[in-house]
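First up is the structure itself, then whatever we jot down about it.
Chain letters run A, B, ... following the sequence lines, proteins first, then strands; residues in each count from 1.
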Amino acid sequence: MSELLPISPLEAEALRLSLRVAVWSVTLSLPLGLFTAWILARTRFPGHGLLNGVVHLPLVLPPVVVGYMLLVLLGRQGPLGRALFEWFGVTLPFTWHGAALAAGVMAFPLMVRAMRLSLEAVDRRLEAAARTLGAGPAAVFLTVTLPLMAPGILAGVILAFARALGEFGATITFAANIPGETRTLPLALYSMIQTPGGEGPAMRLAVISVLISLGALAVSEALARRLRARLLA
Amino acid sequence: MLEMDVAARFGDFKLEAKLSCATTGIVALFGRSGAGKTSLVNMLAGLARPERGRIAVNGEVLFDSERGVDLPPEARRLGYVFQEGRLFPHMTVRKNLNYGYKRAGRAPRIDFGRVVALLGLESYLDRRPGGLSGGEKQRVALGRALLANPRLLLLDEPLAGLDQARKEEVLPFIELLRDSLGIPMVYVSHSMTEIVRLADTLVLMSNGRVEAAGALEDLTSRLDLRPLTGRYEAGAVIRAAVVRHDDAFELSHLRFAGGILRVPRVEAPVGAEIRLRIRARDVALAREEPRASSILNIVPCRVEAMSAEAGPQVDLRLDAGGAALWARITRHSVTKLELAPGTPVFALIKAVAIDRTSLGRDAGSGRFLATGQ
């Protein structure tokens with residue numbers, strides 16, 4: 001047991017970085033995910049199926065391919081990456097921002113799926129009732145739709161958070177494995193396994209990963225139970 | 001005044017309805033399921049869109065395809081009580097009630113505390129809809145719609161999902177709202193019993209069309225509308241005034257155009273105008289005035305018309321001093337008594353056949369607030 005503690009500064013750094021990357025990727029993709037879920041669940045237009053496919057692509061593609069596509073698109077020489085750098089001075093590849101983006105893209109389909117399912121389960125007759133009571137579409141969304149899909153939003157966030165925390169392939173391809181910048185928990189673990197005598201730190205990182213995942217799961221269960229109780233009581 | 005002239009198509013179902021009636025008291029929309037009642041009310045509320053046409057309430061145009069007017073539901077100020085209640089499951093009863101109340105804008109003529117008291121909701125306020133019975137839910141739904149301060153309350157079969165006991169839990173509240181708050185209502189139902197008890201105006205719908213609209217008494221006495229009002233439900237609705245109560249026998253004496261009716265005691269003061277429904281199958285006929293009969297009510301009248309339908313039964317419309325009565329007797333008796341239009345007869349009405357549920361308040365009692373109507 002003693003060899004699990006204490007955590008070395010390097011490992012603590014990887015842990016902090018992982019949490020930062022995961023929190024940012026989830027926070028930024030939350031509104032976009034909600035919007036995408038709404039589009040997919042509530043609207044029909046030519047190209048609906050295409051959008052659905054694009055959103056789900058990271059789920060079926062090898063993560064390395066996603067990372068490579070991000071690199072091609074957002075690298076300094078990429079069409080989007082060049083514009084970002086020239087206009088805003090922003091560089092994404094090989095930075096922790098890039099790691100957050102890669103994690104967010106990989107987690108996006110999981111988040112959208114959970115939200116879309118919960119949105120489709122919302123009884124639209126309740127929304128109609130709210131309209132007859134004087135609430136406009138925006139107010140109905142905020143006071144009826146959103147609270148009713150809260151369990152699905154929560155599930156989406158937890159799934160996305162876990163996926164972002166564990167992201168490896170797209171991150172290492174797009175943001176590389178730079179200590180203190182893009183070396184998140186899985187990358188640090190991978191590096192330790194590659195290093196002679198790294199078994200101890202590797203074990204510690206694995207245990208930390210398990211603890212974080214279990215913690216997130218416990219928090220989501222507790223929140224979900226409270227939400228359910230609110231709906232049924 | 002409610003004016004609708006709309007056309008719409010829902011899949012194979014075509015709806016072409018034209019309607020114009022006063023919005024005082026309760027307007028009942030009657031028809032079999034699939035007649036288009038709910039579709040019509042949804043178009044009125046703005047929840048369904050007509051292909052073309054015009055809808056106006058008290059002169060304000062809510063929809064006009066020619067002028068491009070289509071007010072969203074939240075701007076129409078029409079309260080809607082749905083068949084399934086549609087309470088918000090994530091809110092307490094109090095928050096449900098407040099939902100429309102706080103959005104009602106200008107000072108509502110209805111006070112939160114008063115509605116809660118009228119509907120007897122005090123003890124549920126902090127509960128969630130999930131734990132309420134069907135009848136309780138519908139009372140909350142009524143209160144919620146009322147508190148949004150609507151100019152017209154739409155009720156789409158609010159009792160259809162309830163058993164008889166639960167219906168009796170809600171019906172008196174609807175009567176109470178009608179009588180004490182004076183909110184005009186459109187009441188959708190396929191139950192003639194409910195309609196007679198509640199409504200003043202009847203709109204008959206069939207196959208997406210409005211077949212007839214008018215005073216309840218007039219429409220229920222028309223022979224040509226019988227296929228729509230239903231054979232089992234056939235009967236006349238008459239107006240009567242309470243003359244006196246006979247405490248010894250627990251009877252009330254009512255005066256109507258055809259004379260005096262003695263019925264089991266009604267809960268209305270002497271002088272009150274009430275409406276009662278006499279089912280055709282509760283009326284027997286005699287050519288001579290019977291003596292020593294248990295029948296309390298013997299009304300002289302004249303045969304006015306006879307239904308020409310095949311079968312063992314014949315429905316006869318009778319003229320009792322200007323009021324219409326209905327009698328359902330066998331074809332055999334028609335032949336034996338040699339009945340034909342114009343024949344003078346005595347209508348024998350069993351007093352016990354007129355029960356509480358067949359009584360309604362009279363339309364002309366003028367207890368409605370005239371504000372904003």
Side-chain angles (χ1 to χ4, degrees), chain A residues 30 33-34 37-38 41-45 114-158 219-233, chain B residues 38 41-42 44-49 62 71-93 95-106 108 126-132 137 140-141 143-156:
Chain A
L30 181 60
L34 209 50
W38 185 83
R42 290 288 173 88
T43 65
R44 285 293 175 271
F45 56 92
M115 289 179 181
R116 178 184 174 175
L117 283 175
S118 70
L119 181 56
E120 281 167 350
V122 169
D123 189 347
R124 301 203 67 177
R125 295 175 308 172
L126 291 175
E127 298 175 328
R131 294 287 297 273
T132 68
L133 291 166
V140 170
F141 184 74
L142 289 176
T143 58
V144 177
T145 318
L146 215 48
L148 287 177
M149 60 184 291
I153 295 176
L154 179 69
V157 163
I158 296 297
V219 168
S220 93
E221 275 299 309
L223 279 174
R225 208 171 300 126
R226 267 182 57 188
L227 284 173
R228 261 201 305 277
R230 265 186 56 198
L231 284 182
L232 298 175
Chain B
T38 300
V41 171
N42 280 342
L44 182 53
L47 298 180
R49 202 166 175 281
L62 305 180
L71 289 186
E74 62 269 24
R76 297 198 179 194
R77 288 194 44 233
L78 301 174
Y80 201 146
V81 178
F82 301 90
Q83 186 176 335
E84 345 75 73
R86 301 198 193 179
L87 300 180
F88 304 127
H90 58 297
M91 298 181 193
T92 59
V93 167
K95 281 190 176 161
N96 267 283
L97 292 171
N98 260 322
Y99 196 87
Y101 187 58
K102 67 180 186 201
R103 290 182 167 81
R106 63 185 182 78
D126 294 313
R127 286 170 58 186
R128 278 176 205 284
L132 301 180
K137 279 182 190 158
V140 176
R144 186 179 68 171
L146 264 179
L147 284 164
N149 192 31
R151 54 183 143 201
L152 186 64
L153 195 57
L154 313 174
L155 300 104
D156 183 16

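Both the backbone and the side chain of B:Arg86 come within contact range of chain A, judged by heavy atoms closer than 4.5 Å. Heavy atoms of B:Leu154 lying under 4.5 Å from chain A are absent altogether. Interface residue B:Leu78: only backbone heavy atoms are found under 4.5 Å from chain A. In this structure, the portions of A:Ala130 lying under 4.5 Å from any heavy atom of chain B include both its backbone and its side chain.
Atom CG of B:Asn42 is separated from atom OG1 of A:Thr132 by 10.0 Å, given to the nearest 0.5 angstrom. Rounding to the nearest 0.5 angstrom, the gap separating the NE2 atom in B:His90 from the CE atom in A:Met149 is 12.5 Å.
Interface residues of residues 120-128 of chain A toward chain B, defined by a heavy-atom distance below 4.5 Å and sorted by number: A:Arg125, A:Leu126, A:Ala128.
When the options A:Leu133, A:Thr143, A:Leu148 are evaluated for a side-chain contact (heavy atoms from CB on, under 4.5 Å) with B:Phe88, the one that passes is A:Leu133.
In plain terms, the two heavy atoms of B:Glu74 and A:Ala135 that are nearest each other are CB-O, 3.5 Å. Pairing each heavy atom of A:Ala139 with each of B:Arg103, the nearest pair is CB-NH2, 4.0 Å.
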